[in-house]
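Letters A, B, ... mirror the listed sequences (proteins, then strands); counts begin at 1.
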Protein chains: 2
Amino acid sequence: MSPKVGVAPLRREQIVRATIRCLARDGYAGLTMKKVARTAGVSQGILHYYFADKRAILVAALAAVTADLDRRVATAQARGSREPRTRLRALITACLRLAVEEREFWIVFVEFWGEMMHDRRLRAINAALYERMRRQIGTLIAQGIRAGTFRRVDRLQAAAVILALVDGVSLQLTFDPKAFGIATAVQFCEDALTRFLGKEAS
Amino acid sequence: MSPKVGVAPLRREQIVRATIRCLARDGYAGLTMKKVARTAGVSQGILHYYFADKRAILVAALAAVTADLDRRVATAQARGSREPRTRLRALITACLRLAVEEREFWIVFVEFWGEMMHDRRLRAINAALYERMRRQIGTLIAQGIRAGTFRRVDRLQAAAVILALVDGVSLQLTFDPKAFGIATAVQFCEDALTRFLGKEAS
DNA sequence: GGTTCTTGATTGGGCGACCAATTATCATCG
DNA sequence: CGATGATAATTGGTCGCCCAATCAAGAACC
């Protein structure tokens, strides 16, 4: 059934990439195996050689998108300073930039939100992503608290609030791009963050 | 083609209601005219008597969902006190409660986010909703500023941030209901709000 | 009795999945 | 090194199904 190893996980990636492009172009409801095959430049039959069914391709697509977000955040973290405040800002900026720079990925991500409620596997992938994010942010917050930069808060709950803010702002950025640009968005998050975590208001 | 007036916009509402239930149950991709008809307890043919096509039904469904949110907010506002701070809290609570109490509507709303990016009409309905919300919140903020309760902020931008927070928190509430309940969510928004708009930290 | 409303069967098309046949890959061995 | 055969990869066509949309005919209404 499934190919063994090594030879061509390239094909899988190629197919997943095409799937993401199709989802971004035509939406979840408009996704067909035919379009994916055409976009990937392969035959229809091959899709079922590398994936059990359409659902499996979608799962792989969501996994790819979340992996990309992970990678972006990790890169931003690796480059930044050691200061918790700065690292936290870098993390948030990395997330917000996704919605602007990697528009295809972000669109697909939002589309999956709608389908998660009807598919356990999609839900699990998303839950794992948010779990990782909460832990990362939580760690930064804990460091900030220890360093005296932040006030004492429940680190995981604060992380959840920050994630919520980032998601919401990204959505606004997507649906009302004229309301404010990414620079303003980052500034907002920054401001909200300062006031939410800071020990004192200006 | 289309029915004149009066006699049975009941049917339209009945169909829209069934559509929303189907969307919440099976998702956007799983929506079929047959299911809608069955759920509404009518024949398939009648759907095309009251609506031009499937798309028109979906547009009506989104309109219904947004109208419900408007109604909820209006009710919460009418009941509350005159104090901007209190009214703002009531508005936010009303939005958050949607995600918990009217779960079907909220699920459908999220599903539409994914499709908006591929349909102008859906996008327009959503944009109008957020426009209204921003204006309402903006007005409350302006009152608060005038009354000296809030610090001076760009009212519309602050409104956008609040909406973003509410959307994001609602999402978290949906996907990770174990992370925190609605009470905590309201508390968070309240806290974030106090620090974001307040003149001073505790 | 004419208009509005409703039905359920029909239609043509596109879907996901499947598969037999073909080609490419590559380790093995003469 | 070059031929060989097994296995992996790929194709394009086919299958049955179900979809949205249509429509002629009938029912309900006033």
Could you state the [atom1]-[atom2] distance from [X] to [N], rounded to the nearest angstrom?
X       : N      : atom1 : atom2 : result
A:Met33 : D:dG16 : CE    : P     : 20 Å
A:Lys34 : D:dG13 : NZ    : P     : 12 Å
A:His48 : D:dT11 : NE2   : P     : 15 Å
B:Leu47 : C:dG8  : CG    : P     : 13 Å
B:Lys54 : D:dT22 : NZ    : P     : 15 Å
B:Ile46 : D:dC23 : CD1   : P     : 18 Å
A:Phe51 : C:dG16 : CZ    : C1'   : 16 Å

(request) Go through C:dG16, D:dT10, D:dA21 for me and flag the one nearest to the A:Arg11 side chain. (result) D:dT10
(message) Regarding A:Leu31, tell me which of base, sugar-phosphate or nothing describes its non-hydrogen contacts under 4.0 Å with the strands shown.
(response) sugar-phosphate
(message) Quick one about B:Thr139 and B:Arg155 (side-chain donor to acceptor, distance below 3.5 Å, no hydrogens or angles considered), yes or no?
(response) no
(message) Can a side-chain donor-acceptor contact be found between A:Arg11 and A:Gln14 if the only test is distance below 3.5 angstrom?
(response) yes
(request) Cation-pi check, A:Arg12 to A:Phe51: give yes when NZ or CZ is under 6.0 Å from the six-membered ring centre and within 45° of the ring axis, no otherwise. (result) yes
(message) Check whether B:Phe196 forms a cation-pi arrangement with B:Arg151 (NZ or CZ under 6.0 Å from the six-membered ring centre, at most 45° off the ring normal).
(response) yes
(request) Taking only heavy atoms on the protein side, list every residue of residues 36-44 of chain B lying under 4.0 Å from any atom of DNA chain C, sorted numerically. (result) B:Val42, B:Ser43
(request) Identify the heavy atoms of A:Gly114 and B:Glu111 that sit nearest to each other, and give their distance. (result) O-CG, 3.4 Å
(message) Does C:dC18 have OP1 or OP2 under 4.0 Å away from a side-chain N or O of A:Tyr49?
(response) no
Whether the side chain of [X] engages the backbone of [Y] through a donor-acceptor N/O pair (distance < 3.5 Å, no angle test) should be reported.
X        : Y        : result
B:Lys35  : B:Gly30  : yes
A:Lys54  : A:Leu31  : yes
B:Asp176 : B:Lys178 : no

(message) If you assign each of A:Gly30 and A:Gly45 to its closest nucleotide in DNA chain C, which residue comes earlier from the 5' end?
(response) A:Gly30
(request) Would you list the pairs meeting side chain to side chain donor-acceptor pair (under 3.5 Å) in which at least one residue belongs to residues 164-175 of chain B, sequence neighbours left out? (result) B:Trp106-B:Thr174, B:Tyr130-B:Asp167
(request) With a 4.0 Å heavy-atom cut-off, tell me which residues in residues 17-27 of chain A come close to DNA chain D, sorted by residue number. (result) none
